[in-house]
Every structure is written in structure tokens, then in C-alpha cells.
Amino acid sequence: MTSPGMVDVTTKGPSMRRNFWRGVWRVMLRKPSRLFGVALLGLFIFMATLGPVLYGRPLPRDPDNFFAPPSLQHPFGTDFQGFDVLALVVIGSRYVLLTALITAIVTIVLGASIGLFAGYRRGRLDAVLMRITDINLTIPGIPILLVLSTVWQFASPWEMGLVLGLLGWGALARAVRSQTLSLRERGFIEAARGLGLSTPHIVVRELLPPIAPYIAMNLLMSMILAVWAQVGLFFLGVMPVIGENWGVMLNRAVFDFGAMTTASRLPYMLAPLLALLLLTVAIVLVVDAMDEIFNPRLREE
């Protein structure tokens, strides 16, 4: 059983799937910038996945040329140890993207599950889950991270992603609950209840599919927030300035080597900033495409 008007590409056969992907392609062609966003996001995924393998260890280093200016050999120059800055950006992308992905998954799993069950069941379960959500929304994230940084080095993206995800699911739970409340009174949900289907079945098979596009877009938006949050924490020195990621590069460039005042150190700061900007633009363009793909009103316009 599915909601009216909902496109279920997994159950309507090959022709429905072909029509779906043709519609996706048309949406992408309508604004070529979306294709650019997909290609750019694919490039970052490639960097995070295979970058460390391609560069290997030890990293490209010019021991006689510290803070070298940009050149064909070093497109973003070298750092204070003679390491190629482009290589550092590529290597650092794995920590940034993996942390963002883990954060987004934890946020989506917790936020969507709690919002769906709270909105569907109502009553005491709803009250309890929403009080837990309110508590999550009031937790001060930075003080908690400061305390945790005395115990953890956050050298692993799993640790950082888990903490950011546990601190950031509250808003999504509230939003999903609101949408679930409007869906639970629809005819197809009442019919499912009338058939005696279990709560997990109704939540997973009937309520989740109509909300899935909204959750998917929140997954990407959560990644943007996670990227800026972790980079900001490392840049401000809240987290131990160790390891290889863009926040550590920014911290060292600004606070240790005066990139804000010394022109020769500027490329060391601009390289991770440019990567952050391009990654954000790529995700925003993909979200824009997804919004039109899953929103019938936008498609009609």
C-alpha cells in the first residue's frame, strides 16, 4: 500500500524506473549548474576515497622550499614543512567528508525514527520522545565538545561524526513529527490501520516513503552543517590541532604562520577555504535538483 500520487520506483516495474530516471535527467538539463554540482560532488567523493591511495606515503615534499608560491609543480604552493598544499587538501578531504557522512547518518536515523514514531503513535510515547528531543535541542554543543576534547583527541572521523550527530538530531525530529502528524490522518494510513498492520510496518512501509525525499535532502544539508561545524571547531582550536583535515590547516595557517598578514603564506589558507566553498556549492546544487525531482509543483512550473 502506498500513498496517492507517490511514485514508487521499486515496485512499478522497469518502465516506471526508466520514466523516473528520464525525469531526473530532464531536471538536471533544465539547469546545467546542477550537472556541475553533481560532477563537483563526485570529484570530492573521489578525493576522499582514492586521494590518500593516489598520493600514498610519504606525501610529496620539497624540503628545500618552505611556503613556496603556487607553480605547476605545486598548484597551491607548499606549507611550512615543504609539503604540497594540494596534497594536504586532498588527504584532508577524507576526514572532512567521512565525518560529515557519519554525522548526517546519525542525525537522520535518530531524527527520522523519533519523529516518525512520535508523530504516528501520539499519546505518552509522543510526549516522552518530544521531551527527549527538547532536551537535545537545549544541549550546548560547544561546551560539551570542550569537555570531551579533554578525553578524546577526535583523531578518528567516527568519533567526531558520532558526537556531532548525537548533538544535532533534535530539529529534524521536530520537523519529521510535524509532517507525520499531517500524514497519519490520510486515507491510506487509516486503511492500513483498519487492516490491522503493525506500527513498525505502517511507519516503515507507509509513512517513510512519502517523507523520504525530505529526509534525503536533510541528509545533504546535515552534511553541510557538519562540514562547517568540524572545520570551525578545529580552526578555533576547540579540538586538538592534530591530524590532517582542512580545519587544522586553517588553524595553523592563521594562528601559527600569519597567513592573514603575510602574502607568501596566503595560499596555505586559501586552499582549504576554496575546497570548503566548492563542496558547499556542490551540495547546495544537488539539493536544488532533488527538490525539483521530488516536488511535483516545481516540476510543473
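Hydrogens, waters and symmetry mates play no part in the numbers below; they use all other heavy atoms, side chains included.
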Exercise. To the nearest 0.5 Å, how far apart are CD in Glu190 and CD1 in Ile202?
Worked result: 11.0 Å
For this session: Flag yes if Met47 and Leu54 sit in one hydrophobic cluster, no otherwise; membership is Ile, Leu, Val, Met, Phe, Trp, Tyr, and two members link when side-chain heavy atoms are under 4.5 Å apart.
Result: no
Problem set entry | Shortest non-hydrogen contact between Pro272 and Val89, atoms and distance | N-CG2, 4.1 Å
Exercise. Any side-chain heavy-atom pair from Thr103 and Met223 closer than 4.5 angstrom?
Worked result: no
Problem set entry | Euclidean distance, Arg26 CZ relative to Ile293 CD1, rounded to 0.5 Å | 11.0 Å
Exercise. With the 4.5 Å side-chain cut-off for hydrophobic clustering, are Leu285 and Phe46 part of the same group?
Worked result: no
Exercise. Within a strict 4.5 Å, meaning less than it, do heavy atoms of the Arg205 and Leu197 side chains meet?
Worked result: no
For this session: Working to the nearest 0.5 Å, report the span between CE of Met290 and OH of Tyr214.
Result: 12.5 Å
For this session: Quick one: do Leu97 and Leu279 satisfy side chain to side chain contact (heavy atoms under 4.5 Å, CB included)? Show the steps, please.
Result: CA-CA 9 Å; Leu97 264 71; Leu279 177 59; 3.7 Å; yes
Exercise. Side chains of Trp228 and Thr280: donor-acceptor distance under 3.5 Å anywhere?
Worked result: yes
Seminar exercise, completed: Those residues at least two apart in sequence (or on a different chain) that pass side-chain contact (heavy atoms from CB on, under 4.5 Å) with Leu137 are Thr133, Asp134, Ala171, Arg174
For this session: Give the intermediate values and the outcome of side chain to side chain contact (heavy atoms under 4.5 Å, CB included) for residues Val96 and Gln230.
Result: CA-CA 8 Å; Val96 174; Gln230 60 173 301; 3.9 Å; yes
Which donor-acceptor pairs under 3.5 Å do the side chains of residues 254-271 make with protein atoms, sequence neighbours left out?
| from | atom 1 | to | atom 2 | distance (Å) |
| --- | --- | --- | --- | --- |
| Thr261 | OG1 | Gly258 | O | 3.3 |
| Thr262 | OG1 | Gly258 | O | 3.3 |
| Arg265 | NH1 | Phe257 | O | 3.2 |

Exercise. To the nearest 0.5 Å, what is the distance between OG (Ser222) and CG (Leu172)?
Worked result: 6.5 Å
For this session: Provide the closest heavy-atom pair for Val287 versus Met217 in the form atom of the first, atom of the second, distance.
Result: O-SD, 4.0 Å
Exercise. Can you name the closest pair of heavy atoms from Gly170 and Asn136 and give their distance?
Worked result: N-OD1, 3.1 Å
Exercise. Tell me, do Leu250 and Leu276 make a side-chain contact under 4.5 Å, heavy atoms counted?
Worked result: yes
Exercise. Does the Ser93 side chain pair with the main chain of Val90, one donor and one acceptor, at a distance under 3.5 Å?
Worked result: yes
Problem set entry | Cluster overlap Leu41 with Leu29, hydrophobic side-chain contacts below 4.5 Å | yes
For this session: For Gly111 and Val176, work out which heavy atoms get closest and say how close.
Result: O-CB, 4.4 Å
Seminar exercise, completed: dist His74:NE2 -> Asp79:CG (nearest 0.5 Å) comes out at 10.5 Å
Would you be so kind as to tabulate the donor-acceptor pairs closer than 3.5 Å made by side chains of residues 157-164, with sequence neighbours excluded?
| from | atom 1 | to | atom 2 | distance (Å) |
| --- | --- | --- | --- | --- |
| Glu159 | OE1 | Phe154 | N | 3.4 |

Exercise. Is any side-chain heavy atom of Pro209 less than 4.5 Å from a side-chain heavy atom of Val204?
Worked result: no
Exercise. Which atom names give the shortest non-hydrogen contact between Ala87 and Asp84, and what distance separates them?
Worked result: N-OD2, 2.9 Å
Exercise. Is the side chain of Arg94 donor-acceptor paired with the backbone N or O of Gly51 at a distance under 3.5 Å, no angle test?
Worked result: no
Seminar exercise, completed: Those residues at least two apart in sequence (or on a different chain) that pass side-chain contact (heavy atoms from CB on, under 4.5 Å) with Val128 are Ile132
Exercise. Which heavy atom in Ala282 sits nearest to a heavy atom in Gly37, and how many Å separate them?
Worked result: CB-O, 3.6 Å
For this session: Go through the steps to decide whether Leu166 and Leu110 satisfy the test side chain to side chain contact (heavy atoms under 4.5 Å, CB included), and finish with yes or no.
Result: CA-CA 8 Å; Leu166 290 175; Leu110 289 177; 3.7 Å; yes
For this session: Any pair with a residue in residues 34-52 that passes salt bridge (charged side-chain N to carboxylate O under 4.0 Å, His left out), sequence neighbours left out, goes on the list, sorted by first then second residue, please.
Result: Arg34-Asp288, Arg34-Glu292
Problem set entry | Cluster overlap Leu43 with Leu50, hydrophobic side-chain contacts below 4.5 Å | no
Exercise. Leu40 and Leu220: same hydrophobic cluster, using ILVMFWY side-chain contacts below 4.5 Å?
Worked result: yes
For this session: Output the distance between atom CG (Leu88) and atom CZ (Arg252), rounded to the nearest 0.5 Å.
Result: 9.0 Å
For this session: Hey, could you give me each pair passing ring-ring contact (aromatic ring centres under 6.0 Å, His included) that has a residue in residues 83-132? Not counting sequence neighbours.
Result: Tyr95-Phe234
Exercise. After noting the C-alpha distance and the side-chain angles of Arg184 and Leu181, does the key distance pass the side chain to side chain contact (heavy atoms under 4.5 Å, CB included) rule?
Worked result: CA-CA 5 Å; Arg184 73 185 302 276; Leu181 287 174; 4.1 Å; yes
